[in-house]
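This report concerns only the one structure given below.
Computed from a predicted structure; not experimentally measured.
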Amino acid sequence: MSLLDCEEAFQKNNLQLLAEQYNINMADADILQAKIWELPQLSGQFNAYNPQDKKFFDVGHSKGAGITQLIYMGGKKKNEIAFAKSNKELAQLQFSQLLVDLRAQLRTAYFNLYYEKLKLENTDKQLVYMNDLLSAYRVQSAKGNVSLKDAVRLQSLVIQLNHDKLEINKNILDFEQNLKVLTGISEDIEPLMSESEAKEALATQPFGDEEELKSKALENNADYRYNLKLIDNSKLYAQWQKSLNVPDINIGAAWDQAGGTFNNEANLTLGIPLPLWKANQGNVEKANYAIQQNQKNAEFQKLTLETKVQAAYKTWKAQYDQLADIKTTDLQNMDLVYNGMMTNFRKGNINLIEFTDFMDSYRETALQIYDMKNEIMQAAEQLNQLVQTKIFY
């Protein structure tokens, strides 16, 4: 699968992402709930005992009915709805940040797997030759044509190559497992990336310096925008709590058959709490403290984000420059020397000590070069994860 194929499968199948989307749906439900008013209350009044006629439940001569509706004052409903809408925006930002984080994990695992596969291929190539050589030396050692010391020297190199292969295969299993979880695909994923595509990805440069990247990160990073939105959210909450101190009105109509001044009397009813004290003052103060707390948290997140962008950019630049110092001709020369060493060893032009020393050095260098390329891609992904807009062209 190509990286694009993996990303498409990730967006379609990732269970964490699908679960997080329900938070947005629940926020929509909260907005709907905030718009709903209290139900009107219907009441009835019936005679229980008529002392004049000494009758119980004299409903025919004495009954009444009424209906009341709570009317919100002080903009309570408007403030509650605004707070619920702000919560939805927070849920959307949380979803955006999760999407960025999981996509970064996906791309990181993909590049890790790609370079581990290349390391495995290179190690297998060396093992094929070294195992054949070791078998031949064991035969010649048994015949007394070569010393046992030489066979042991080759055995040591083969053991090291097998150890490298074991570690690489363990890493491959981990990265394959990560990709399966992230993409929702149960089969093993083979990275599909040509050598030219890999070179092009390594050669890409960010559009600007670290100051421009910091500016872009502050503009686009969903986690930082979430902290900014929390300030607005807490202000809306404080405004809502403050409006709860305003008394509401109960308005209604009542009918009484014979209990009032007139028979079949129709009345208008009004009810309002006496605002002798602010019943919600504690929650208002708590909400005001939350505003200050979120402001400080946003300042901290800004400093943290700028510091992370700076560190990620410097890490990418150092690794990019380090690989750039190794010219393409140097890498080609290394392969030429590798092939030349094997040819000359077969012809007897170099001794076993020189050959094994070179092979051990080549083994380490080959692995290091793949790691260097992978680290560049990882650093680039970290920058993408922080800045959250297209920065590599």
Over all atoms of both residues, closest heavy-atom pair of Leu218 and Tyr224: O-CD2, 3.4 Å

Sequence-distant partners of Arg363, side-chain hydrogen bond (donor to acceptor under 3.5 Å, both in side chains), two or more places apart: Asp164, Asp360

Residue pair Glu89 / Asn87, side-chain donor-acceptor N/O under 3.5 Å: no

Side chain to side chain, Asn169 and Leu120, heavy atoms closer than 4.5 Å: yes

ring-ring contact (aromatic ring centres under 6.0 Å, His included) pairs, two or more places apart, involving residues 96-152: none

Qualifying ring-ring contact (aromatic ring centres under 6.0 Å, His included) pairs, either residue in residues 18-37, two or more places apart: Trp37-Tyr72

ring-ring contact (aromatic ring centres under 6.0 Å, His included) contacts touching residues 346-371 (sequence neighbours left out): Tyr338-Tyr362, Phe345-Phe355

Asn245 and Gln281, any side-chain heavy atoms less than 4.5 Å apart: yes

Over all atoms of both residues, closest heavy-atom pair of Ser141 and Leu148: OG-CA, 3.7 Å

Close side-chain approach of Gln69 and Gln41, heavy atoms under 4.5 Å: no

Donor-acceptor pairs are to be reported for all side-chain atoms of residues 295-309 against protein atoms at under 3.5 Å, with residues two or more places apart or in another chain.
unit_1 : atom_1 : unit_2 : atom_2 : d
Asn297 : ND2    : Gln293 : O      : 3.4
Thr304 : OG1    : Phe300 : O      : 2.8
Thr307 : OG1    : Leu303 : O      : 2.8

Distance-only donor-acceptor check, side chains Asn250 and Thr68, under 3.5 Å: no

Any residue meeting side chain to side chain contact (heavy atoms under 4.5 Å, CB included) with Asn112, in chain and number order, not counting sequence neighbours: Thr108, Phe175, Asn374, Gln378

Check: Val387 and Asn221 side chains under 4.5 Å, non-hydrogen atoms: no

Selection residues 173-187 - residue pairs positive for side chain to side chain donor-acceptor pair (under 3.5 Å), sequence neighbours left out: Lys180-Asp188

For Leu367 against Lys119, the heavy-atom pair lying closest together: CD2-CE, 3.8 Å

Of Lys77, Lys76, Lys78, the residue whose pairing with Glu80 passes salt bridge (Lys or Arg N to Asp or Glu O under 4.0 Å): Lys77

Selection residues 121-134 - residue pairs positive for salt bridge (charged side-chain N to carboxylate O under 4.0 Å, His left out), sequence neighbours left out: Asp124-Lys165

For Cys6 against Met1, the heavy-atom pair lying closest together: N-CE, 3.7 Å

Residue list, side-chain hydrogen bond (donor to acceptor under 3.5 Å, both in side chains) with Asn351, at least two apart or on another chain: none

Leu270, CG atom: more than 12 neighbouring heavy atoms under 6.0 Å: yes

Which residues share a side-chain hydrogen bond (donor to acceptor under 3.5 Å, both in side chains) with Glu210, sequence neighbours left out: Gln310

Shortest non-hydrogen contact between Asn122 and Ala366, atoms and distance: OD1-CB, 3.7 Å

Within-4.5 Å side-chain heavy-atom neighbours: Met372 and Gln322: yes

Check: Ile369 and Lys373 side chains under 4.5 Å, non-hydrogen atoms: yes

Contact check, side chains of Asn267 and Glu265, non-hydrogen atoms, under 4.5 Å: yes

Contact summary for Gln388 and Ala222, nearest pair of heavy atoms: OE1-N, 2.8 Å

Which residues share a side chain to side chain contact (heavy atoms under 4.5 Å, CB included) with Pro273, sequence neighbours left out: Pro247

Listed partners of Glu20 passing side-chain hydrogen bond (donor to acceptor under 3.5 Å, both in side chains), at least two apart: Asn23

Electrostatic pair Asp30-Lys88, nearest N-O below 4.0 angstrom: no

Check against salt bridge (charged side-chain N to carboxylate O under 4.0 Å, His left out), Arg107 and Glu7: CA-CA 8 Å; Arg107 293 174 65 89; Glu7 288 186 340; 2.8 Å; yes

Beyond-backbone contact of Ile251 with Thr269, side-chain heavy atoms, under 4.5 angstrom: no

